[in-house]
Amino acid sequence: MNSDLYCDILVNKLKPGIRNKRRGKLSKGVLFLHDNARPHTSCKTVSTIIKLGFEVLEHPAYSPDLAPSDYFLFGLLKKELKGKRFDSDEDVQKVVQDIFHTLPKSAYKEGIYKLPERWRRCIESQGVLARLRFLPIKKMDQRTCIKFCVKNEIKCADAFQMLTVAYGEATLDRSNVYRWCKMFSEGREDVNDEERAGRPSTSTTDEKINEVEKLILANRRITVREVAEDLNISIGSFHSIFINDLGMRRVVAKFVPKLLNCDQKQHRMNIANEMLDSVRDDPNLLQRDITGD
């Protein structure tokens with residue numbers, strides 16, 4: 001992505017799309033939110049956005065936790081594309097477009113409407129970017145919902161859409177939802193996993209799970225190897241406990257500095273405060289928001 005391509009998308013795709021699909025938004029004024037990547041902040045892009053009449057919402061550096069495309073959309077895409085192989089760029093584009101079309105409009109709206117809560121969390125944490133995101137274990141809840149949908153003859157695709165709206169990034173991936181739909185439609189009643197053959201694991205006991213949770217909560221920046229060595233478990237067992245039992249996920253570690261400096265933290269807090277004040281002054285502000293990346 002470069003400035004020329006980004007500007008072309010803004011002029012020839014985004015603006016016509018807003019005009020056709022969101023009638024009246026252009027006249028009310030578009031609030032455009034994107035991050036500080038170089039193509040987004042170049043002179044050409046800034047000039048193009050001014051000509052389009054968009055108002056850009058300020059976005060602090062190193063803040064994927066405050067960008068809906070990062071904390072909402074890309075997580076869903078990653079989950080859907082995981083493990084799949086494609087023969088061409090066109091195949092990837094088609095699958096991504098299919099995913100976008102499958103998501104209900106309410107899912108996109110909910111992603112944007114999570115911004116105030118994200119801004120509040122940023123202020124409460126004194127601008128610190130949390131590298132560990134906690135996703136409560138909701139697999140059993142979702143399986144129960146799937147079972148309910150099957151019992152009421154709700155299509156699996158519709159069930160997946162409803163789960164996406166309700167659980168966001170914590171939603172089971174599409175293949176799992178369809179697999180459980182099939183099993184329940186064939187008469188299965190139990191939402192729990194079936195017991196597996198083999199020797200019981202000694203690394204994933206309730207005691208070990210509690211110990212892992214305590215270590216992580218005490219030090220959010222502790223490494224995988226440190227936890228494994230402290231508790232005398234394998235790295236594979238740690239990952240199993242971390243993801244499957246505790247429902248946690250390490251995010252954005254590759255893209256964000258390990259420690260933001262004081263100025264960066266204060267800047268994040270200042271912008272979060274300003275945005276919350278703007279939402280309080282204008283409760284309909286987020287209805288004008290368009291987010292891009």
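Only this structure's heavy atoms are used, side chains among them; waters, hydrogens and symmetry mates stay out. On a predicted model such as this, the values are computed, not experimentally measured, just so you know.
Counting heavy-atom neighbours within 6.0 Å of Y113 OH, excluding the residue itself, gives a total above 12. By the 6.0 Å contact criterion, CZ on R179 is enclosed, its count of non-hydrogen atoms from other residues, nucleotides or ligands being greater than 12. Within 6.0 Å of atom CG in D281, more than 12 heavy atoms from other residues, nucleotides or ligands are found, so the atom counts as buried in its surroundings. Counting heavy atoms of neighbouring residues, nucleotides and ligands inside a 6.0 Å radius, atom CD of E207 does not exceed 12 of them. Environment of CZ in R280: crowded, with over 12 heavy atoms of neighbouring residues, nucleotides or ligands closer than 6.0 Å.
Taking a 4.5 Å side-chain heavy-atom cut-off between Ile, Leu, Val, Met, Phe, Trp and Tyr, the cluster of M162 extends to I154. Other residues sharing a hydrophobic cluster with I50 under the 4.5 Å side-chain heavy-atom criterion for ILVMFWY residues are V46.
A salt bridge does not link K94 to D91: none of the charged side-chain nitrogens sits closer than 4.0 Å to a carboxylate oxygen. Ion pairing between a basic and an acidic side chain is recognised when a charged N comes within 4.0 Å of a carboxylate O; E117 and K114 show no such pairing. Between R118 and D65 there is no salt bridge, since no side-chain nitrogen of the basic residue lies less than 4.0 Å from a carboxylate oxygen of the acidic one.
Contact between Q161 and T102 at its shortest, heavy atoms only, is NE2-O, 2.6 Å. Nearest heavy atoms, A67 versus H59: CB-CE1, 3.9 Å. Summarising the geometry of S63 relative to R268, their closest heavy-atom pair is OG-NH1, 2.8 Å, with the distance given to 0.1 Å. When all heavy atoms of K147 and E189 are compared, the closest pair comes out as NZ-O, 2.8 Å. Looking at every heavy atom in both residues, D173 comes nearest to S175 through OD1-OG, 2.7 Å. When all heavy atoms are compared, the tightest approach of A272 to W119 is CB-O, 3.6 Å.
Looking at T48 and T45, their side chains never bring a donor and an acceptor atom within 3.5 Å of each other. The closest side-chain donor-acceptor pair between D35 and H40 falls under 3.5 angstrom. For the 3.5 Å distance criterion, the side chains of N270 and Q266 qualify, holding a donor opposite an acceptor.
Side-chain contact between L231 and F238: absent, with no pair of heavy atoms (C-beta onward) separated by less than 4.5 Å. Taking the side chain as every heavy atom from C-beta outward, R288 and E55 approach each other to under 4.5 Å. Looking at M269 and Q126, their side chains come closer than 4.5 Å, going by heavy atoms from C-beta outward. Side-chain contact check for F32 versus L57: every heavy-atom pair is 4.5 Å or farther apart. Inter-residue side-chain proximity for L276 and P116 is flagged as met; some heavy-atom pair is nearer than 4.5 Å. Side-chain atoms of R188 and W180, non-hydrogen and from C-beta on, do get closer than 4.5 Å to each other. Side-chain contact between L115 and D289: present, with at least one pair of heavy atoms (C-beta onward) separated by less than 4.5 Å.
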**Steps toward side chain to side chain contact (heavy atoms under 4.5 Å, CB included) verdict (K208, E211)** = CA-CA 5 Å; K208 288 291 185 183; E211 289 177 353; 3.8 Å; yes
**CA sep, side-chain torsions, deciding dist, call: L285, L31, side chain to side chain contact (heavy atoms under 4.5 Å, CB included)** = CA-CA 8 Å; L285 181 138; L31 298 177; 3.5 Å; yes
**Request:** Take I146 and F160 through the side chain to side chain contact (heavy atoms under 4.5 Å, CB included) test and state the conclusion after the steps.
**Result:** CA-CA 8 Å; I146 295 169; F160 178 71; over 6 Å; no
**Message:** Using the rule given for side chain to side chain contact (heavy atoms under 4.5 Å, CB included), can you reason through C149 versus D158, listing the C-alpha separation, both sets of side-chain angles and the distance that settles it, and then say yes or no?
**Reply:** CA-CA 9 Å; C149 289; D158 295 333; over 6 Å; no
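Residues satisfying the side chain to side chain donor-acceptor pair (under 3.5 Å) criterion with T291, sequence neighbours excluded, are absent altogether. Among residues two or more places apart in sequence or in another chain, the side chain to side chain donor-acceptor pair (under 3.5 Å) test is passed with K28 by none. For N152, there are no side chain to side chain donor-acceptor pair (under 3.5 Å) partners two or more places apart in sequence or in a different chain.
With rounding to the nearest 0.5 Å, the separation of CZ in F54 from NE2 in H34 is 10.5 Å.
Checking side-chain atoms of R143 against main-chain N and O of V191 turns up a donor-acceptor pair under 3.5 Å.
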Under 3.5 Å, side-chain donor or acceptor atoms of residues 8-18 against the rest of the protein: list the pairs with distances, not counting sequence neighbours.
| unit_1 | atom_1 | unit_2 | atom_2 | d |
| --- | --- | --- | --- | --- |
| D8 | OD1 | N12 | ND2 | 2.5 |

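A cation-pi arrangement is absent between K182 and F184 under the rule of less than 6.0 angstrom and at most 45 degrees off the ring axis.
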